[in-house]
Each structure stands twice: as structure tokens, then as C-alpha cells.
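One structure is given here, and the rest of the page talks about it.
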Amino acid sequence: MVVSRRVFVTSAAALAATGAVPAPQALATTQDTGRSRIPVGRGDSAAELVRKASQVRPTARQIAWQRLERTAFLHFGVNTFTGLEWGTGDEDPDVFQPSGLDTDQWARALRDGGFRLAILTVKHHDGFVLYPSRYTKHTVASSSWRSGHGDVLRSFADSMRRHGLKVGVYVSPADENQYLHGVYANGSARTTRTIPTPAEGDDRSPGRVFTLDATDYGAHMLNTLYEVLTEYGPIDEVWFDGAQGRIPPDKVERYDWDSWYTLVRSLAPDAAVAVSGPDVRWVGNEGGLAREDEWSVVPVAEKGNGRTDYALAYDAPDEGSRDALLAARDVADYLQWWPAECDVSIRDGWFYHADQQPKPLEQLTDIYFRSVGRNSVLLLNVPPDTDGLLPAADVARLREFRERIDRELPEDLVRGARTTAAPGRLTVDLGAEQEVDRIRLAEDIRHGQQIEGFVVEAQADGAWSQVAAAGTVGASRILLLAAPVRARRWRVRVTVARAAVHLAEFGLYRSRN
């Protein structure tokens, strides 16, 4: 592979009056570029595919989402009390009895753990809903908990915002309860539905009414989404998976993705739609681990009812390199900004089980560097227990996790240092020799993801020597050196790129562990 002639490192640091390299968030704006996906065709050459990939830009909501870095999942529902991971849909709602529910405790623990957004399982595959819905009786309102007046979603949303966290919701497309009631996978045709559908005793005067195509179950999902997105304040992430119910093969429910996306975009325009959605993709495993080279620009295909889907396999070892673009050419519809979310649970299961314990700190730290450090956002599940609390062991581990990352990446040695930029190169003079064992880079992703290869070098006795090398950068790339390197002058040199590079961060750190 030949070094692109168009490699020009544009460092914000070199332009800043102080000479310091600012954090990526200081550079990004929330402007929408309108180029988050570009069509591709079978006649596109390899060079044309690379050119198109270099022109793909994130939307404002995607920029905001990638800044989060650490997000949390909260799996909570009837499974918490039955011990199952996938519910049956015929649970007695009265089993749901979180007598000590304290969502402020959840929020404090997550905030102190360094998390910026939390996603609640508002409806899991069993169909049990954590707020009093008008469209199903399989909800908290059918439990004697709080005399049928409980609303976990209300408490959750209020607590997260009160403690400075953004709010996300997971509404599972699968629904075992609706299958038992003859709604899910009943073979109904897609017809035009009015959303919200009036319900018995409904006292709403909806400000917005939608006419959208849906099956019977698709309409049920639309009504559920309408309630969640209009009655609980601003929602910052809507999380769908692609799970089907545990039903006979001939009873497939074809999800109304296009209508669901339209409703979310209309009611929560700033919300990222993940992971069966156009804004964020699943990384392809549940271990929280990104690929060594993780691309945010990947080939996608539009599948049933407008679903944004992978052109290559979801767990392909390579989703966005030049070879991957070429391999997907005959099956892809677009090249799209579709960054990866790395989900993993702090325990072995997604729901609370008393016999499980949180992962060791070393493992969580490794997951951080292999997710956030590889151009992805970490989604760590922390399941509340049967009392409605995050277990003490998990709370302690979250705090230890944040403290450990703070020690791994303490003060950036580059802040206030002199920087000079040249074509394909950025050089930093620390003013004195410093030991470095952690290196962090970021592209200004408003200009896309362009770096395909780079090296980091240090100068000793007048000679430059390579201390690290890698492929992609994107929104965040963190390199761990096997041993500290002591030097005054450091530089990053881009060796391969798709177009002009805009570097937002070149940080040097000495860990304190």
C-alpha cells in the first residue's frame, strides 16, 4: 500500500494560541454534514470506493454519541426475580417486587464510575414493561409493588438527569407476551396505522399524530415507543436488537424498522438509534472488545423494511479496510458512518444472579483499552438486584474502574507543550525529558476517518526511533507501551491515509499504576 499523496496532518494544537493540544470535544461541533451515507455500486473501482469512504461524515448525533466513551446498561425486569435471562412472557407480574428501589443510587454509582449515559431495559424479550403502559397489562401496573402505581422508567429518567447522566431506553423488538396474546408474529399485513392509537380511558391530547405502515405488532411497538418518547423527557439513545421471539420458524415477525426509525427521528431527533439502527452498530461480540482496527465508515445494506444492516458478516474480522470495501462492493448499498458499540456485562449474566460476582478490575481495564481505545464506545451492563439496588460489590468495582482509568491516563504531558506540524507529521517538544507509556490519538471526525496507518517516534541523542505503530485512529486510539520511554521530543507520522488528515489529539501519558 502506497502512502497517499494527500496526507496532511492538520493539528488543532498547531493553530491554537496556547500551543496546547485540546481534547477532541473542544473541536467538535454539532453541525450535521448531510453525508453520513454515500451510495456505492458494483461498477465502483477500488480507488472509487476509497474516495467515497473518505467523504463520509458523521451526523451531529453520532459525534455527540462518540464523545460519551463510557455508557451503561441496566438489565432489570421480571427476569431479575425469576432467575432467567430470557423470559417466557407468561410471568405473574406480581413477581416484580423491588421493595428497595433507589434509582438515585444507580445514578450516583454510574456517575462515580465515569459513565455519561445509561440505558434501561424498558421492555425485554418477555414483554414486561417497566412503566404503566396503555397497550399491555404485562407491566409494573399489574404488580402489587407500590400498589400498582410504580413507574421504574420515570424514576430512572429523573435520577439520571438529576445526577448529570443522559438517558437511553432499550425496547426489545421480541415480545413473548404479545406472542401469547396473538399479536406478535400473527401474520398480519402491513397497513397504515394511526399512532398513538386511542386506548380505553385515554385522556391524552397528543400534539403529534402519525400515520405509519405497520403490522399488528409493529403498531404495538409504535405505541410503546410513542409513550416512552413523549412522556419521560429527552431520550438520548434508543437501543434495539434484532432478536426474534422463541417461536416456530413459520411464525417470524417482520419488524417495521422504517416506521420505527421515522417515529424515533420525529420524537427524539437527537437520539442515537442503536444497534439495529442507522446511527450505531453492534461490534459483533458480547465481550466488549473492538477489532484491532475498527472503522466507523463501513459498507451497509438495507434489508427488510429499511433496516440498516451489515453488508459483511456482523462478526467479520474486518469491516472497513480497503479490502473490506472491495469485498462488500457487490452486496453493499451504501458506505455509512456506523461506529461500533461494545457491549459487555460486569457479571456473567445480563440480569442479576446472586451467585455471580463482578469481573476483576484488570479485565475491565483491558476491556476499556480494547473498546474506547479502539475507536468504539463501551456499553457496560450493571444489573440491579432484587431489592432494586446495584449490588455493593458492583458499585465498588465501578468506582475502582474509574480510579484505575484515571491512573492509566493521568494529566496529558502534551498540554502546554510546543507543537509543530508538517505534511504527514506532528511533532511535540515537552521542554524536558519525560517518561511516556500511554499514547492517545484522535482524529477530528467532523472531517471523517482517514488514517489507515501511523507510527509514533521519540528522539534520543538526535535520532528518531519508532516506539509504536498502528492502523486506524478515528475518534479514539490508545496505545500501551510495554515499558516507559524517556524522551523530550515526540512525533506522530501518518504513513497511509485516505484523504487529508485532521488530528484532534496527540496525547502522551505516564501511568501511575
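Count residues from 1 along the sequence.
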Check whether any side-chain heavy atom of Val171 lies under 4.5 Å from a side-chain heavy atom of Leu225, and answer yes or no.
yes
Return the OG1 to CZ distance between Thr495 and Arg425, rounded to the nearest 0.5 Å.
13.5 Å
My understanding is that only residues two or more places apart in sequence, or in another chain, count here; which of them pass salt bridge (Lys or Arg N to Asp or Glu O under 4.0 Å) with Arg489?
none
Going by side-chain hydrogen bond (donor to acceptor under 3.5 Å, both in side chains), name the residues that satisfy it together with Ser259, two or more places apart in sequence or in a different chain.
none
Is any side-chain N of the basic residue among Arg402 and Asp112 closer than 4.0 Å to the acidic one's carboxylate O?
no
Glu237 side-chain N/O to Ala274 backbone N/O, donor-acceptor pair under 3.5 Å:
no
Hydrogens and angles aside, do Tyr509 and Gln434 bring a side-chain donor and acceptor to less than 3.5 Å of each other?
no
Pairwise side-chain contact, Tyr310 with Val300, heavy-atom cut-off 4.5 Å (strictly under):
no
Lys/Arg-Asp/Glu bridge criterion (N-O < 4.0 Å) met for Arg440, Glu69
yes
Would you mind checking if Arg477 and Glu505 are paired as a salt bridge, meaning a charged N to carboxylate O distance below 4.0 Å?
no
Does a donor on one side chain sit under 3.5 Å from an acceptor on the other, for Ser276 and Arg307?
yes
Ser296 side chain to Trp337 main-chain N or O, any donor-acceptor pair under 3.5 Å?
no
Could you check whether any side-chain N or O of Glu341 sits under 3.5 Å from a backbone N or O of Ser376, counting only pairs where one atom can act as donor and the other as acceptor?
no
Check: Asn375 side chain, Thr472 main-chain N or O, donor-acceptor pair, under 3.5 Å
no
Mind checking what makes side chain to side chain contact (heavy atoms under 4.5 Å, CB included) contact with Lys166, not counting sequence neighbours?
Leu68, Leu117, Asp236
Return yes if some donor-acceptor pair links the side-chain N/O of Ser345 with the main-chain N/O of Arg347 below 3.5 Å, else return no.
yes
Partner of Phe369 under side chain to side chain contact (heavy atoms under 4.5 Å, CB included), picked from Thr365, Asp366, Val372, is Thr365
Tell me yes or no: between the side chains of His125 and Ser172, is some donor less than 3.5 Å from an acceptor?
yes
Do side-chain atoms of Gln450 reach the backbone of Ser54 as a donor and acceptor pair under 3.5 angstrom?
yes
